[in-house]
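As the structure lists them, so they are numbered: ligands from 1, and atoms in each ligand from 1. Keep in mind the model is a prediction, meaning the values are calculated, not measured.
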Amino acid sequence: MSAQPQSASPAAGTGSTATGARAGGTLELDGLTVGYGGAPVLRDVSIRVPAGAIVALLGANGAGKTTLLRTVSALVPVASGRIVFDGVDLAGVRVEDRARAGLAQVPEGRSVVAELTVDENLRLGGLQRFRGRRLASAVDGVYDLFEPLARRRRAAGHQLSGGERQMLALGRAIIAEPRVLLLDEPSLGLAPRVVAQIMAVLRALRDERGLTVLLAEQNVTSALAVADHGVVLNLGEVVADRPAEDLRTDSALRHAYLGF
Ligand code: ATP
């Protein structure tokens, strides 16, 4: 890793594109070791997620994917190592300040507010960045990406299908124009058609807005179809760090690390 940390102040609001939207940032994990009190769950993990790239984080149940994403968001403390965002060391930067700097986490399980409508959920997500007409236009921007949500804008969260809930969770995260999206198994339990729709939106966000995505997935085929790069975790250690194309086409490698 080449970037040197500058200070503990997050890079909020920087990296605007020509359209005024925030562009993706570079996320670097350097020798990260993390545990929950017992043996470490992540051991000396170093991963680089370049600005505007999709990196798939792969590995079996319990490999440490969720722990890694939660550590980046400051929901789990670092035992040793560094998390660096656009050259800034995030040590000591709190959860809400990381979010303000543009790190957005979409947890496994599609957290949406069940009692609120689709529209209200989106407005709530957008409020941290927009008000008034800009907020309404940001909500419309999400409906442009996810047409099924537009048809359900007045439905309550609890009335949605699994796929619609996942789209809404993603919509709530992207409405505030994050610079890095941390996604935990967005395909979990969804029909292949819906998974393809979600992956297509990730691809569009990368290609059109330069969004950076760290995508934890057990659906290896879908993740590698959209990713630029793949990192495989096994029992908390990085065992492969390759271009996605290598992981897609090298059957010996896939067999060794991904079980198919
Ligand atoms: P999954 O796909 O099942 O979510 P994962 O790759 O995301 O797996 P983690 O959920 O990060 O893996 O779990 C890694 C290890 O850490 C597992 O052994 C798990 O039991 C343990 N672990 C996770 N959360 C906690 C916690 N809050 N307290 C103690 N141990 C935990």
Carefully, step by step, assess E217 and S222 under the rule side-chain hydrogen bond (donor to acceptor under 3.5 Å, both in side chains). CA-CA 9 Å; E217 260 301 345; S222 295; over 6 Å; no
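Counting only residues at least two apart or on different chains, the side-chain hydrogen bond (donor to acceptor under 3.5 Å, both in side chains) pairs with a member in residues 116-126 are T117-E120, D119-Y143, N121-R172.
Exactly one residue among V239, L224, L215 makes a side-chain contact (heavy atoms from CB on, under 4.5 Å) with L58. That residue is L224.
With hydrogens and angles disregarded, a donor-acceptor distance shorter than 3.5 Å links the side chain of R206 to the backbone of V226. Of the possible donor and acceptor atoms, none in the side chain of R179 sits under 3.5 Å from a partner among the backbone N and O of L103.
In this structure, ligand 1 sits under 4.0 Å from heavy atoms belonging to Y36, V41, A60, N61, G62, A63, G64, K65, T66, T67, E108, E185, Q218.
No hydrogens or angles considered: a donor-acceptor pair under 3.5 Å links the side chains of T66 and D184.
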